[in-house]
A.B. asks: 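Structure below; questions to follow.
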Amino acid sequence: MNDILPDQCAIWQYLEDCFRAVAGSRGYREIRFPLLEQTQLFKRSIGEVTDIVEKEMYSFEDAGGDHISLRPEGTAGCVRAAQQHGLLYNRQQRLWYQGPMFRRERPQQGRYRQFHQFGLEAFGMAGPDIDAEIIELSAAFWRRLGLADSLKLELNNIGSAADRERYSAILGEYLASRADELDPAARGRIRSNPLRILDSKHPGNRQVARDAPAMTEYLSPESVAHYAALKQLLAAAGIGFTENPSLVRGLDYYNCCVYEWTTEVLGAQSAVCGGGRYDGLVAQLGGRPTPAAGFAIGVERLAMLLETLGKLPANAQFRADVYIVVIGGAISAASQALARRLREQFPDRRIVCQCGGGKYSQQVKRAFDMNARLLVVMEQAEGEPPRQVKLRDLHNSFEPRLAPIDQCGQEIGRLLSQNL
Ligand code: HAM
(Lines give C-alpha, C1' and ligand atoms only; values in the text may rest on other atoms or scores of the structure.)
Protein backbone atom coordinates (compact mmCIF):
# COMPACT_ATOMS: atom_id res chain seq x y z
CA MET A 1 0.00 0.00 0.00
CA ASN A 2 1.42 3.40 -0.78
CA ASP A 3 1.15 6.40 1.49
CA ILE A 4 -0.21 9.62 0.12
CA LEU A 5 1.70 12.51 1.63
CA PRO A 6 0.42 16.08 2.13
CA ASP A 7 1.90 17.46 -1.11
CA GLN A 8 0.27 14.62 -3.05
CA CYS A 9 -3.04 15.18 -1.24
CA ALA A 10 -3.03 18.74 -2.53
CA ILE A 11 -2.55 17.43 -6.08
CA TRP A 12 -5.33 14.90 -5.57
CA GLN A 13 -7.67 17.58 -4.31
CA TYR A 14 -6.97 19.53 -7.47
CA LEU A 15 -7.68 16.44 -9.61
CA GLU A 16 -10.87 15.72 -7.72
CA ASP A 17 -12.07 19.31 -8.09
CA CYS A 18 -11.43 19.16 -11.84
CA PHE A 19 -13.13 15.77 -12.26
CA ARG A 20 -16.11 16.83 -10.16
CA ALA A 21 -16.48 19.96 -12.28
CA VAL A 22 -16.20 18.15 -15.63
CA ALA A 23 -18.57 15.31 -14.64
CA GLY A 24 -20.97 17.64 -12.80
CA SER A 25 -21.24 19.98 -15.78
CA ARG A 26 -22.56 17.05 -17.85
CA GLY A 27 -25.17 15.99 -15.32
CA TYR A 28 -23.25 13.23 -13.49
CA ARG A 29 -24.00 12.96 -9.76
CA GLU A 30 -21.68 11.50 -7.16
CA ILE A 31 -22.50 8.16 -5.53
CA ARG A 32 -20.70 6.43 -2.66
CA PHE A 33 -20.77 2.74 -1.90
CA PRO A 34 -18.84 0.49 0.48
CA LEU A 35 -15.29 -0.79 0.24
CA LEU A 36 -16.49 -4.21 1.34
CA GLU A 37 -18.99 -6.29 -0.62
CA GLN A 38 -20.00 -9.93 -0.82
CA THR A 39 -17.28 -11.81 -2.71
CA GLN A 40 -20.00 -13.28 -4.90
CA LEU A 41 -20.78 -9.85 -6.36
CA PHE A 42 -17.31 -9.58 -7.87
CA LYS A 43 -17.27 -13.19 -9.04
CA ARG A 44 -20.56 -12.72 -10.86
CA SER A 45 -19.65 -9.39 -12.44
CA ILE A 46 -15.91 -9.34 -13.15
CA GLY A 47 -15.91 -13.06 -13.99
CA GLU A 48 -14.61 -16.19 -12.25
CA VAL A 49 -11.84 -16.72 -14.80
CA THR A 50 -10.12 -13.35 -14.64
CA ASP A 51 -6.84 -12.30 -13.03
CA ILE A 52 -8.71 -10.06 -10.61
CA VAL A 53 -11.02 -12.75 -9.24
CA GLU A 54 -8.61 -15.68 -9.50
CA LYS A 55 -5.56 -14.06 -7.98
CA GLU A 56 -5.94 -10.46 -6.91
CA MET A 57 -8.86 -10.04 -4.54
CA TYR A 58 -8.48 -9.50 -0.81
CA SER A 59 -11.19 -11.93 0.30
CA PHE A 60 -11.97 -13.36 3.69
CA GLU A 61 -14.66 -14.95 5.76
CA ASP A 62 -15.88 -12.61 8.48
CA ALA A 63 -16.86 -13.58 12.03
CA GLY A 64 -20.42 -14.31 10.88
CA GLY A 65 -19.23 -16.67 8.12
CA ASP A 66 -19.95 -14.24 5.26
CA HIS A 67 -17.52 -14.26 2.33
CA ILE A 68 -16.53 -10.69 1.69
CA SER A 69 -13.91 -8.86 -0.37
CA LEU A 70 -12.34 -5.46 -0.58
CA ARG A 71 -13.60 -3.97 -3.82
CA PRO A 72 -11.09 -4.42 -6.67
CA GLU A 73 -12.99 -1.93 -8.87
CA GLY A 74 -16.09 0.24 -8.69
CA THR A 75 -18.51 -0.85 -11.41
CA ALA A 76 -19.90 -3.91 -9.57
CA GLY A 77 -20.52 -2.00 -6.33
CA CYS A 78 -22.00 0.95 -8.21
CA VAL A 79 -24.47 -1.30 -10.05
CA ARG A 80 -25.33 -3.14 -6.82
CA ALA A 81 -25.96 0.10 -4.91
CA ALA A 82 -27.88 1.82 -7.71
CA GLN A 83 -30.01 -1.26 -8.25
CA GLN A 84 -30.72 -1.83 -4.56
CA HIS A 85 -31.90 1.76 -4.08
CA GLY A 86 -34.13 1.82 -7.12
CA LEU A 87 -31.98 4.32 -9.05
CA LEU A 88 -32.12 2.22 -12.20
CA TYR A 89 -35.82 1.50 -12.27
CA ASN A 90 -37.21 2.78 -15.57
CA ARG A 91 -34.90 5.72 -15.76
CA GLN A 92 -31.63 7.00 -17.00
CA GLN A 93 -28.90 7.64 -14.52
CA ARG A 94 -25.50 9.35 -14.76
CA LEU A 95 -23.27 8.63 -11.77
CA TRP A 96 -19.65 9.12 -10.74
CA TYR A 97 -17.61 7.93 -7.77
CA GLN A 98 -14.14 7.98 -6.38
CA GLY A 99 -12.14 6.09 -3.79
CA PRO A 100 -9.72 3.31 -3.04
CA MET A 101 -9.72 -0.06 -4.81
CA PHE A 102 -7.68 -3.11 -3.85
CA ARG A 103 -5.91 -5.67 -6.02
CA ARG A 104 -3.18 -7.99 -4.90
CA GLU A 105 -0.96 -7.40 -7.91
CA ARG A 106 2.84 -7.39 -7.95
CA PRO A 107 3.61 -3.83 -6.85
CA GLN A 108 5.72 -1.68 -9.15
CA GLN A 109 5.83 1.90 -10.37
CA GLY A 110 2.23 2.83 -11.23
CA ARG A 111 0.78 -0.41 -9.88
CA TYR A 112 -0.30 -0.63 -6.27
CA ARG A 113 -2.29 -2.96 -4.07
CA GLN A 114 -4.38 -0.06 -2.82
CA PHE A 115 -4.97 2.47 -5.56
CA HIS A 116 -7.67 5.02 -6.31
CA GLN A 117 -10.08 5.60 -9.13
CA PHE A 118 -12.38 8.27 -10.42
CA GLY A 119 -15.14 6.22 -12.02
CA LEU A 120 -18.22 7.06 -13.97
CA GLU A 121 -21.23 4.97 -15.02
CA ALA A 122 -24.24 5.81 -17.21
CA PHE A 123 -27.36 3.61 -17.13
CA GLY A 124 -30.39 3.26 -19.36
CA MET A 125 -28.91 4.58 -22.63
CA ALA A 126 -28.42 2.05 -25.40
CA GLY A 127 -27.12 4.15 -28.30
CA PRO A 128 -23.57 5.10 -29.25
CA ASP A 129 -24.29 8.73 -28.26
CA ILE A 130 -23.71 7.93 -24.57
CA ASP A 131 -20.42 6.20 -25.40
CA ALA A 132 -19.33 9.30 -27.29
CA GLU A 133 -20.50 11.55 -24.44
CA ILE A 134 -18.47 9.58 -21.90
CA ILE A 135 -15.34 9.52 -24.04
CA GLU A 136 -15.74 13.24 -24.77
CA LEU A 137 -16.01 13.81 -21.01
CA SER A 138 -12.68 12.08 -20.43
CA ALA A 139 -11.12 14.08 -23.27
CA ALA A 140 -12.42 17.30 -21.68
CA PHE A 141 -10.86 16.25 -18.38
CA TRP A 142 -7.47 15.69 -20.06
CA ARG A 143 -7.75 19.08 -21.76
CA ARG A 144 -8.47 20.78 -18.47
CA LEU A 145 -5.37 19.18 -16.96
CA GLY A 146 -3.21 20.12 -19.96
CA LEU A 147 -2.81 16.45 -20.96
CA ALA A 148 -4.62 16.45 -24.31
CA ASP A 149 -1.39 15.71 -26.22
CA SER A 150 -0.08 13.12 -23.75
CA LEU A 151 -2.86 10.54 -23.87
CA LYS A 152 -3.96 8.40 -26.78
CA LEU A 153 -7.31 6.69 -27.15
CA GLU A 154 -7.33 3.01 -28.16
CA LEU A 155 -10.64 1.56 -29.23
CA ASN A 156 -11.99 -1.89 -30.00
CA ASN A 157 -15.26 -3.65 -30.67
CA ILE A 158 -15.54 -6.92 -28.75
CA GLY A 159 -19.10 -7.61 -29.94
CA SER A 160 -22.19 -8.72 -28.07
CA ALA A 161 -22.19 -11.52 -25.50
CA ALA A 162 -23.50 -13.89 -28.19
CA ASP A 163 -20.81 -12.74 -30.67
CA ARG A 164 -18.17 -13.36 -28.05
CA GLU A 165 -19.49 -16.80 -27.31
CA ARG A 166 -19.34 -17.78 -30.98
CA TYR A 167 -15.93 -16.23 -31.44
CA SER A 168 -14.57 -17.76 -28.20
CA ALA A 169 -15.44 -21.25 -29.45
CA ILE A 170 -13.58 -20.66 -32.74
CA LEU A 171 -10.67 -18.96 -31.01
CA GLY A 172 -10.50 -21.81 -28.46
CA GLU A 173 -10.17 -24.35 -31.27
CA TYR A 174 -7.41 -22.37 -32.90
CA LEU A 175 -5.53 -21.88 -29.60
CA ALA A 176 -5.84 -25.58 -28.78
CA SER A 177 -4.13 -26.36 -32.11
CA ARG A 178 -1.10 -24.31 -30.96
CA ALA A 179 -1.30 -25.03 -27.24
CA ASP A 180 2.34 -26.11 -26.94
CA GLU A 181 3.49 -22.56 -27.85
CA LEU A 182 1.46 -20.97 -25.04
CA ASP A 183 2.57 -20.46 -21.44
CA PRO A 184 0.89 -22.70 -18.81
CA ALA A 185 -1.49 -19.95 -17.57
CA ALA A 186 -2.76 -19.31 -21.09
CA ARG A 187 -3.07 -23.03 -21.76
CA GLY A 188 -5.37 -23.25 -18.74
CA ARG A 189 -7.60 -20.56 -20.21
CA ILE A 190 -8.07 -21.96 -23.70
CA ARG A 191 -11.53 -23.23 -22.79
CA SER A 192 -12.47 -20.93 -19.93
CA ASN A 193 -11.42 -17.49 -21.22
CA PRO A 194 -9.58 -17.62 -24.55
CA LEU A 195 -10.14 -13.91 -25.27
CA ARG A 196 -7.80 -12.94 -22.46
CA ILE A 197 -4.94 -14.72 -24.23
CA LEU A 198 -5.19 -12.14 -27.02
CA ASP A 199 -3.85 -9.28 -24.91
CA SER A 200 -1.21 -11.33 -23.06
CA LYS A 201 2.30 -9.85 -22.85
CA HIS A 202 4.05 -13.24 -22.95
CA PRO A 203 6.10 -13.45 -26.22
CA GLY A 204 4.95 -16.99 -27.13
CA ASN A 205 1.30 -16.07 -26.52
CA ARG A 206 1.70 -12.91 -28.56
CA GLN A 207 3.04 -14.80 -31.53
CA VAL A 208 0.10 -17.21 -31.39
CA ALA A 209 -2.36 -14.33 -30.90
CA ARG A 210 -0.98 -12.54 -33.95
CA ASP A 211 -2.14 -15.35 -36.26
CA ALA A 212 -5.49 -15.90 -34.52
CA PRO A 213 -8.78 -15.58 -36.45
CA ALA A 214 -9.94 -11.96 -36.24
CA MET A 215 -12.89 -11.07 -34.01
CA THR A 216 -14.14 -8.63 -36.66
CA GLU A 217 -15.22 -11.58 -38.81
CA TYR A 218 -17.64 -12.76 -36.12
CA LEU A 219 -19.38 -9.55 -35.05
CA SER A 220 -23.15 -9.16 -35.37
CA PRO A 221 -24.45 -6.40 -37.70
CA GLU A 222 -25.80 -4.52 -34.61
CA SER A 223 -22.37 -4.38 -32.92
CA VAL A 224 -20.75 -3.33 -36.18
CA ALA A 225 -23.30 -0.53 -36.70
CA HIS A 226 -23.05 0.69 -33.09
CA TYR A 227 -19.28 0.79 -33.25
CA ALA A 228 -19.25 2.53 -36.64
CA ALA A 229 -21.65 5.19 -35.32
CA LEU A 230 -19.44 5.75 -32.27
CA LYS A 231 -16.39 6.26 -34.47
CA GLN A 232 -18.32 8.81 -36.51
CA LEU A 233 -19.42 10.68 -33.37
CA LEU A 234 -15.84 10.74 -32.08
CA ALA A 235 -14.56 12.04 -35.40
CA ALA A 236 -17.26 14.75 -35.36
CA ALA A 237 -16.13 15.74 -31.84
CA GLY A 238 -12.52 15.97 -33.03
CA ILE A 239 -11.36 13.06 -30.84
CA GLY A 240 -8.61 11.00 -32.46
CA PHE A 241 -8.25 7.28 -31.77
CA THR A 242 -6.47 4.17 -32.95
CA GLU A 243 -8.17 0.82 -33.24
CA ASN A 244 -6.49 -1.96 -31.31
CA PRO A 245 -7.98 -5.40 -32.11
CA SER A 246 -6.13 -7.01 -29.20
CA LEU A 247 -7.70 -4.71 -26.60
CA VAL A 248 -10.12 -6.99 -24.74
CA ARG A 249 -9.90 -5.55 -21.17
CA GLY A 250 -9.42 -7.65 -18.05
CA LEU A 251 -13.03 -7.78 -16.86
CA ASP A 252 -15.70 -10.05 -18.33
CA TYR A 253 -18.72 -7.74 -18.20
CA TYR A 254 -17.91 -5.69 -21.31
CA ASN A 255 -19.53 -5.86 -24.71
CA CYS A 256 -19.24 -3.92 -27.96
CA CYS A 257 -17.11 -0.77 -27.53
CA VAL A 258 -14.15 -0.91 -25.15
CA TYR A 259 -11.32 1.57 -24.87
CA GLU A 260 -8.28 2.70 -22.96
CA TRP A 261 -6.47 6.01 -22.71
CA THR A 262 -2.74 5.26 -22.63
CA THR A 263 0.48 7.22 -22.32
CA GLU A 264 4.06 6.52 -23.34
CA VAL A 265 5.40 8.43 -20.34
CA LEU A 266 4.70 5.96 -17.53
CA GLY A 267 6.50 2.84 -18.76
CA ALA A 268 4.77 -0.52 -18.46
CA GLN A 269 1.71 0.77 -16.57
CA SER A 270 0.58 2.84 -19.51
CA ALA A 271 -3.23 2.75 -19.08
CA VAL A 272 -4.55 5.78 -17.25
CA CYS A 273 -8.23 5.13 -17.97
CA GLY A 274 -10.23 2.16 -19.19
CA GLY A 275 -13.87 1.51 -19.88
CA GLY A 276 -16.61 0.49 -22.26
CA ARG A 277 -20.17 -0.78 -22.54
CA TYR A 278 -21.55 -3.47 -20.28
CA ASP A 279 -25.16 -3.97 -21.32
CA GLY A 280 -25.61 -7.37 -19.65
CA LEU A 281 -24.34 -6.63 -16.15
CA VAL A 282 -27.39 -5.09 -14.48
CA ALA A 283 -29.57 -8.07 -15.47
CA GLN A 284 -26.78 -10.47 -14.56
CA LEU A 285 -26.84 -9.01 -11.04
CA GLY A 286 -30.60 -9.44 -10.72
CA GLY A 287 -31.93 -6.19 -12.19
CA ARG A 288 -33.99 -5.51 -15.29
CA PRO A 289 -32.05 -5.50 -18.55
CA THR A 290 -30.43 -2.05 -18.56
CA PRO A 291 -27.90 -0.78 -21.07
CA ALA A 292 -24.85 0.70 -19.39
CA ALA A 293 -21.41 2.17 -20.06
CA GLY A 294 -18.61 3.73 -18.06
CA PHE A 295 -14.92 4.11 -17.35
CA ALA A 296 -12.47 4.47 -14.49
CA ILE A 297 -9.32 6.56 -14.21
CA GLY A 298 -6.32 5.54 -12.09
CA VAL A 299 -5.64 8.55 -9.87
CA GLU A 300 -2.04 7.58 -8.93
CA ARG A 301 -1.11 7.16 -12.58
CA LEU A 302 -2.77 10.43 -13.50
CA ALA A 303 -0.95 12.33 -10.72
CA MET A 304 2.33 10.71 -11.75
CA LEU A 305 1.78 11.72 -15.35
CA LEU A 306 1.12 15.34 -14.39
CA GLU A 307 4.19 15.44 -12.17
CA THR A 308 6.42 13.80 -14.78
CA LEU A 309 5.29 16.27 -17.42
CA GLY A 310 5.54 19.24 -15.03
CA LYS A 311 1.91 20.15 -15.68
CA LEU A 312 0.86 20.96 -12.13
CA PRO A 313 -0.60 24.43 -11.73
CA ALA A 314 0.21 26.57 -8.68
CA ASN A 315 -3.19 25.85 -7.14
CA ALA A 316 -2.33 22.15 -6.96
CA GLN A 317 -0.03 23.02 -4.05
CA PHE A 318 -0.95 23.72 -0.49
CA ARG A 319 -0.60 27.40 0.19
CA ALA A 320 -1.15 29.31 3.44
CA ASP A 321 -2.60 32.73 2.66
CA VAL A 322 -1.46 34.36 5.88
CA TYR A 323 1.25 33.30 8.32
CA ILE A 324 1.33 35.17 11.61
CA VAL A 325 4.85 35.46 13.02
CA VAL A 326 5.10 36.16 16.71
CA ILE A 327 8.17 37.83 18.23
CA GLY A 328 8.35 38.11 22.01
CA GLY A 329 7.09 35.46 24.41
CA ALA A 330 4.01 36.86 26.12
CA ILE A 331 1.81 37.74 23.20
CA SER A 332 0.36 34.44 22.05
CA ALA A 333 -3.10 35.48 23.28
CA ALA A 334 -2.90 38.61 21.11
CA SER A 335 -1.67 36.72 18.04
CA GLN A 336 -4.33 34.07 18.44
CA ALA A 337 -7.00 36.73 18.84
CA LEU A 338 -5.77 38.29 15.58
CA ALA A 339 -5.86 34.87 13.86
CA ARG A 340 -9.46 34.32 15.05
CA ARG A 341 -10.49 37.73 13.77
CA LEU A 342 -8.87 37.17 10.37
CA ARG A 343 -10.47 33.71 10.04
CA GLU A 344 -13.88 35.23 10.68
CA GLN A 345 -13.23 38.01 8.23
CA PHE A 346 -11.80 35.66 5.52
CA PRO A 347 -13.47 32.27 6.08
CA ASP A 348 -12.11 30.83 2.81
CA ARG A 349 -8.50 31.80 3.46
CA ARG A 350 -5.87 29.69 5.19
CA ILE A 351 -4.62 31.58 8.21
CA VAL A 352 -1.77 29.89 10.09
CA CYS A 353 -0.55 31.25 13.41
CA GLN A 354 2.96 30.50 14.65
CA CYS A 355 2.98 28.35 17.78
CA GLY A 356 5.90 27.40 19.96
CA GLY A 357 8.00 30.57 19.67
CA GLY A 358 11.36 30.58 17.89
CA LYS A 359 13.62 33.12 16.27
CA TYR A 360 12.27 35.41 13.57
CA SER A 361 14.35 33.65 10.89
CA GLN A 362 13.05 30.23 11.96
CA GLN A 363 9.49 31.42 11.85
CA VAL A 364 9.94 32.91 8.40
CA LYS A 365 11.38 29.60 7.22
CA ARG A 366 8.25 27.84 8.50
CA ALA A 367 6.12 30.36 6.61
CA PHE A 368 8.05 29.53 3.42
CA ASP A 369 7.64 25.80 4.15
CA MET A 370 3.88 26.36 4.11
CA ASN A 371 4.19 28.28 0.87
CA ALA A 372 2.70 31.30 2.65
CA ARG A 373 1.65 34.33 0.70
CA LEU A 374 1.57 37.02 3.37
CA LEU A 375 3.61 37.36 6.52
CA VAL A 376 2.01 39.23 9.40
CA VAL A 377 4.70 40.06 11.94
CA MET A 378 3.58 40.83 15.44
CA GLU A 379 6.24 42.18 17.75
CA GLN A 380 5.95 42.88 21.43
CA ALA A 381 7.30 46.29 22.41
CA GLU A 382 8.67 46.42 25.95
CA GLY A 383 5.88 44.56 27.68
CA GLU A 384 3.17 46.59 25.90
CA PRO A 385 0.52 44.72 23.87
CA PRO A 386 1.36 45.25 20.19
CA ARG A 387 -0.53 48.07 18.46
CA GLN A 388 0.61 47.44 14.95
CA VAL A 389 1.75 44.61 12.70
CA LYS A 390 4.22 44.49 9.85
CA LEU A 391 2.96 43.00 6.57
CA ARG A 392 5.26 41.32 4.03
CA ASP A 393 4.08 39.79 0.78
CA LEU A 394 6.32 36.76 0.23
CA HIS A 395 5.25 36.21 -3.38
CA ASN A 396 5.44 39.78 -4.46
CA SER A 397 8.40 41.50 -2.90
CA PHE A 398 7.96 45.08 -1.76
CA GLU A 399 8.90 47.06 1.31
CA PRO A 400 7.19 45.73 4.41
CA ARG A 401 4.41 48.02 5.55
CA LEU A 402 2.95 48.76 8.93
CA ALA A 403 -0.74 48.57 9.75
CA PRO A 404 -2.61 49.20 13.01
CA ILE A 405 -3.47 45.83 14.49
CA ASP A 406 -7.22 46.42 14.73
CA GLN A 407 -7.47 47.59 11.11
CA CYS A 408 -4.91 45.30 9.48
CA GLY A 409 -7.67 43.04 8.09
CA GLN A 410 -8.52 45.63 5.45
CA GLU A 411 -4.94 45.86 4.22
CA ILE A 412 -4.53 42.08 4.32
CA GLY A 413 -7.70 41.66 2.23
CA ARG A 414 -6.38 44.17 -0.29
CA LEU A 415 -2.98 42.48 -0.57
CA LEU A 416 -4.46 38.98 -0.87
CA SER A 417 -6.77 40.03 -3.66
CA GLN A 418 -3.80 41.19 -5.75
CA ASN A 419 -2.35 38.91 -8.44
CA LEU A 420 -4.26 35.83 -7.39
P1 HAM B 1 -9.57 -1.14 -15.04
O2 HAM B 1 -8.99 -1.01 -16.42
O3 HAM B 1 -9.35 -2.42 -14.34
O4 HAM B 1 -11.12 -0.86 -15.20
O5 HAM B 1 -9.02 0.04 -14.13
C6 HAM B 1 -9.15 1.38 -14.55
C7 HAM B 1 -7.85 2.13 -14.28
O8 HAM B 1 -7.47 1.97 -12.90
C9 HAM B 1 -6.65 1.61 -15.05
O10 HAM B 1 -6.61 2.15 -16.35
C11 HAM B 1 -5.50 2.12 -14.20
O12 HAM B 1 -5.22 3.49 -14.51
C13 HAM B 1 -6.06 2.04 -12.79
N14 HAM B 1 -5.53 0.83 -12.11
C15 HAM B 1 -5.98 -0.43 -12.22
N16 HAM B 1 -5.26 -1.26 -11.42
C17 HAM B 1 -4.34 -0.49 -10.79
C18 HAM B 1 -3.30 -0.73 -9.83
N19 HAM B 1 -3.08 -1.95 -9.33
N20 HAM B 1 -2.54 0.32 -9.41
C21 HAM B 1 -2.77 1.57 -9.89
N22 HAM B 1 -3.73 1.85 -10.78
C23 HAM B 1 -4.51 0.85 -11.24
C24 HAM B 1 -12.01 -0.88 -14.17
O25 HAM B 1 -11.69 -0.90 -13.00
C26 HAM B 1 -13.45 -0.75 -14.60
N27 HAM B 1 -14.31 -0.81 -13.41
C28 HAM B 1 -13.67 0.54 -15.38
C29 HAM B 1 -15.08 0.72 -15.83
C30 HAM B 1 -16.01 1.50 -15.25
N31 HAM B 1 -15.66 0.13 -16.85
C32 HAM B 1 -16.92 0.50 -16.93
N33 HAM B 1 -17.16 1.35 -15.96
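Just so you know, ligand 1 is whichever comes first in the structure, and atom 1 is the first atom listed for that ligand.
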A.B. asks: Run the numbers on Glu121 and Thr75 for side-chain hydrogen bond (donor to acceptor under 3.5 Å, both in side chains), then give the verdict.
C.D. replies: CA-CA 7 Å; Glu121 317 290 353; Thr75 308; 3.0 Å; yes
A.B. asks: With sequence neighbours excluded, what pairs up with Arg143 under the side-chain contact (heavy atoms from CB on, under 4.5 Å) test?
C.D. replies: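 Listed in chain order: Glu136, Ala139, Ala140, Ala148.
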A.B. asks: Please list, chain by chain and in numerical order, all residues satisfying ring pair (Phe, Tyr, Trp, His ring centres under 6.0 Å) with Phe19, sequence neighbours excluded.
C.D. replies: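 Partners of Phe19 by the ring pair (Phe, Tyr, Trp, His ring centres under 6.0 Å) criterion, ordered by chain and then number, come out as Trp96, Phe118, Phe141.
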A.B. asks: Would you give me the side-chain donor-acceptor pairs under 3.5 Å for residues 293-310, sequence neighbours excluded?
C.D. replies:
residue, atom, partner, partner atom, Å
Glu300, OE1, His116, N, 2.9
Glu300, OE2, His116, N, 3.3
Glu300, OE2, His116, ND1, 2.8
Arg301, NE, Gly110, O, 2.7
Arg301, NH1, Ala271, O, 2.8
Arg301, NH2, Gly110, O, 3.1
Arg301, NH2, Gln269, OE1, 3.2
Thr308, OG1, Met304, O, 2.5

A.B. asks: For Ser220, does its backbone N or O pair with a side-chain atom of Asp163 as donor and acceptor, under 3.5 Å?
C.D. replies: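 At least one qualifying donor-acceptor pair exists.
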A.B. asks: Near ligand 1, which residues have a heavy atom under 4.0 Å away from one of its atoms?
C.D. replies: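 Answer by chain and number: Glu73, Thr75, Arg103, Glu105, Gly110, Arg111, Tyr112, Phe115, Gln117, Glu121, Arg249, Leu251, Tyr253, Tyr254, Ala271, Val272, Cys273, Gly274, Gly275, Tyr278, Gly294, Phe295, Ala296, Gly298, Arg301.
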A.B. asks: Counting N and O atoms only, with roles assigned by atom type, does the side chain of Arg392 sit under 3.5 Å from a partner on the main chain of Val376, one being a donor and the other an acceptor?
C.D. replies: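 Such a contact is absent between Arg392 side chain and Val376 backbone.
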